[in-house]
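So the structure is just underneath, and the comments pick up after that.
Labels below follow one simple rule: chain letters A, B, ... track the order of the sequence lines, proteins then strands, and each chain is numbered from 1.
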Number of protein chains: 2
Amino acid sequence: MATMADVARRAGVSAKTVSNVLSGYPYIRESTRARVLAAVDDLGYEINVTARILRSGRSGLIGLAVPELGQPYFGELADEILAAARRHGLHVLIQPTGFTREGELGALREPRRRLVDGLVFSPAALDQSDAHLLENLDYPLVLLGEQMFSRHVDHVTMHNVEGVRAATDLLLDVGRRSIAAIGMLHATTAGSAALRYLGYREALGARGIAVDERLLGWADDGWHRANGARAMAAVLDSGVEVDGVVAFNDALALGAMFELQVRGRSIPGDVAVVGFDDIEDARYSVPALTTVDPGRREIADVAVDLLRARLDEVPGATRRPPVLHVADLRLVERESTPARAS
Amino acid sequence: MATMADVARRAGVSAKTVSNVLSGYPYIRESTRARVLAAVDDLGYEINVTARILRSGRSGLIGLAVPELGQPYFGELADEILAAARRHGLHVLIQPTGFTREGELGALREPRRRLVDGLVFSPAALDQSDAHLLENLDYPLVLLGEQMFSRHVDHVTMHNVEGVRAATDLLLDVGRRSIAAIGMLHATTAGSAALRYLGYREALGARGIAVDERLLGWADDGWHRANGARAMAAVLDSGVEVDGVVAFNDALALGAMFELQVRGRSIPGDVAVVGFDDIEDARYSVPALTTVDPGRREIADVAVDLLRARLDEVPGATRRPPVLHVADLRLVERESTPARAS
DNA sequence: ATGAAAGCGCTAACAA
DNA sequence: TTGTTAGCGCTTTCAT
């Protein structure tokens, strides 16, 4: 395969000049540039990126660590991150962590192997006690979609608590009082599940309603549809009355709706349902799902911008203090909940 | 940041010995290995993968080019490919091509830049006239999920035609005669759309039914739910009678079901619906969607195996002739179609 | 505006 | 079982 030296020889210039042309260095005579590009074309030359990275120390690749692409939320998020990165000439290496601690620790080691310049990381298995693992890293890191881990790291997060609280308030506003929470996890103490449960509890508490344990639907195997259906079934089987459902993500909500309809409950007549994420499916379920749009596009844009800013920081100079960006969130009312009396 | 030389110094060995330990070379005294690993640990050393790739010429990375991760079929497929690769110690660099010709041509150039050793490619924008672009490449390539492009390239495909034909036959078997086809594309002549349409036409033809143009639902903007709903609406608005729907993928089917239900048609009573892909959503839609399982897991496994075999081929020796693997496919009957009289 | 020399960090090839 | 030497292909630094 042709190397830069081959191109240089053919164009009658030095390798450095070829390098200059290919990396957009401006002070090159137009005729020289043309000859170089012609030689590149003739030889079908493609630059060897590993050599370039090794020498320059920068890859233009950013890592994206998410649990699983098959979950529409993360698949759609990955597409948004990729698009944002591309707008700035960056590429993305995706590392699914499989919801495992091991996977997440592996992703955190990756930038030190020098293939990616920095990392956008959406933790799902690590918890607050691991905060120290995210500090004092020697590469740029942006954390996504979770609560604060550390004041020393850039975060792009969403109003988890307020989002679920608003969702629950909507159900309360339309008169529902037996509201199930679908998506409880035993494992984490401070992850999305805990925060979203908090929003649920706060909303009930503000109206003096106690949490009924029988209304809590557990989904320790992950926030998939199957588990939403299963958790809903468990709640219904407990014999408790249910007239509303707050699910901690849309997949759970869709699974729960499935189970409700299988059992002949009408939505929203018998049971009103709210989700979280606003994935594409939510718009086309039957009935269309009322849900919380967490501002995925904004999250992706801001995350990439924060990372870029860190990548451009000069080592010596004082660095910008860590940022906590909370994306705007919006309750999207559709058919799975009755209209509020206005 | 520590280099291999630093580790070597600390362990009192040569750099080559460190290299040997880290790459699993077996003939090393146990005590030496222990000392090296201790030094690695002490220094928090991580290998520089770009240097390793540059020197060895192999990266252990395979490229995966798919249109878009937000589409559940591709998100789920990506997870399967990643899992299959990991089982063999390979990593995956995902390149979404955005359904564009430019994106796909870019992905095809990537391995020549030497970061990935080979490519698993699911084309969506290229067509038969581009077959020559896929031949005589100087790296291993496996094509996915489409028709044959060239006898000179490994393919892992599915029974597109037979799958849709079986789906259409099911509808015909239960007495439906006005069957809409959702997902027609003007652009491609030999892509999935064309093949799936062919299956539809064949099934009708075998029973002497002519294709009614008004029953063809176009989705040139992509096989998303929104377009399934839109195409279904267009068909219904044409005034033609409809008692069955064959959608060319599940997202389209779910969108079509949404539109049908919005208009008060019962499923499967008034209209029976069949999809293609068996994404997770299909199991939990209301009603649960009858669909064609294309054998995604098998496709991923076989694709990675074929690529691995090519990567291991010795340059001089005669190479295995190209393989065309057609994954097994299964019609999954759920609630969106009536049971067949047996 | 272009070139020459050096070296990024690792492993192939060979030697011991 | 371990070490030495060389060099992968590029960009940095410095020179002109």
| message | Can you identify which nucleotide, out of dG9(C), dT2(C), dT11(D), has its nearest atom closest to the Thr32(A) side chain? | response | dT2(C)
| d(CG, Leu54(B); P, dG7(C)) in whole Å | 17 Å
| request: Measure from CZ on Arg113(A) to P on dC8(C) and round the result to the nearest Å. | output: 21 Å
| Gap between atoms OH and P, on Tyr25(A) and dT13(D) respectively (whole Å) | 13 Å
| field | Electrostatic pair Arg101(A)-Glu104(A), nearest N-O below 4.0 angstrom | value | no
| said: Tell me whether Arg320(A) is salt-bridged to Asp154(A), with the criterion being a basic N under 4.0 Å from an acidic carboxylate O. | reply: yes
| query | Quick one: Asn48(A) CG to dC8(D) P, roughly how many Å, whole number? | reply | 11 Å
| Interatomic distance, Asn20(A) CG vs dA4(C) C1' [rounded to whole Å] | 13 Å
| task | State whether Arg296(A) and Glu80(A) are salt-bridged, where the test is any N-O pair (Lys NZ or Arg NE/NH1/NH2 against Asp/Glu carboxylate O) under 4.0 Å. | result | no
| message | Tell me whether the side-chain N/O atoms of Thr17(B) come closer than 4.0 Å to OP1 or OP2 in dG3(D). | response | yes
| Choosing from dC10(C), dT4(D), dC10(D), which nucleotide comes nearest the side chain of Ser14(B)? | dT4(D)
| task | When you get a sec, tell me which of dC10(C), dC10(D), dT12(D) is the closest nucleotide to the side chain of Ala51(A)? | result | dC10(D)
| request: Return the nearest nucleotide to the side chain of Arg52(A); candidates are dT11(D), dT2(D), dC8(D). | output: dT11(D)
| field | Minimum-distance nucleotide to Arg55(B) side chain [options: dC10(C), dG3(D), dA1(C)] | value | dC10(C)
| field | Glu298(B)-His325(B) side chain donor-acceptor pair, cut-off 3.5 Å | value | yes
| message | Please determine whether a side-chain nitrogen or oxygen atom of Tyr45(A) lies at a distance below 4.0 Å from atom OP1 or OP2 of dC10(D). | response | yes
| Any side-chain heavy-atom pair of Arg52(A) and Ser23(A) under 4.5 Å | yes
| Rounded to whole angstrom units, what separation is found between the CG atom of Leu22(B) and the C1' atom of dT2(D)? | 15 Å
| note | From NZ of Lys16(B) across to C1' of dC10(C) the rounded distance in Å is 10 Å
| Whole-Å distance separating the CD1 atom of Ile53(A) from the P atom of dC8(C) | 17 Å
| task | Could you check which of dT11(C), dT2(C), dT11(D) has an atom nearest any side-chain atom of Ile28(A)? | result | dT2(C)
| remark: Closest to the side chain of Tyr27(B), out of dG9(C), dT1(D), dT2(C), is dT1(D)
| query | Do any side-chain nitrogens or oxygens of Ser19(A) fall under 4.0 Å of OP1 or OP2 in dT11(D)? | reply | yes
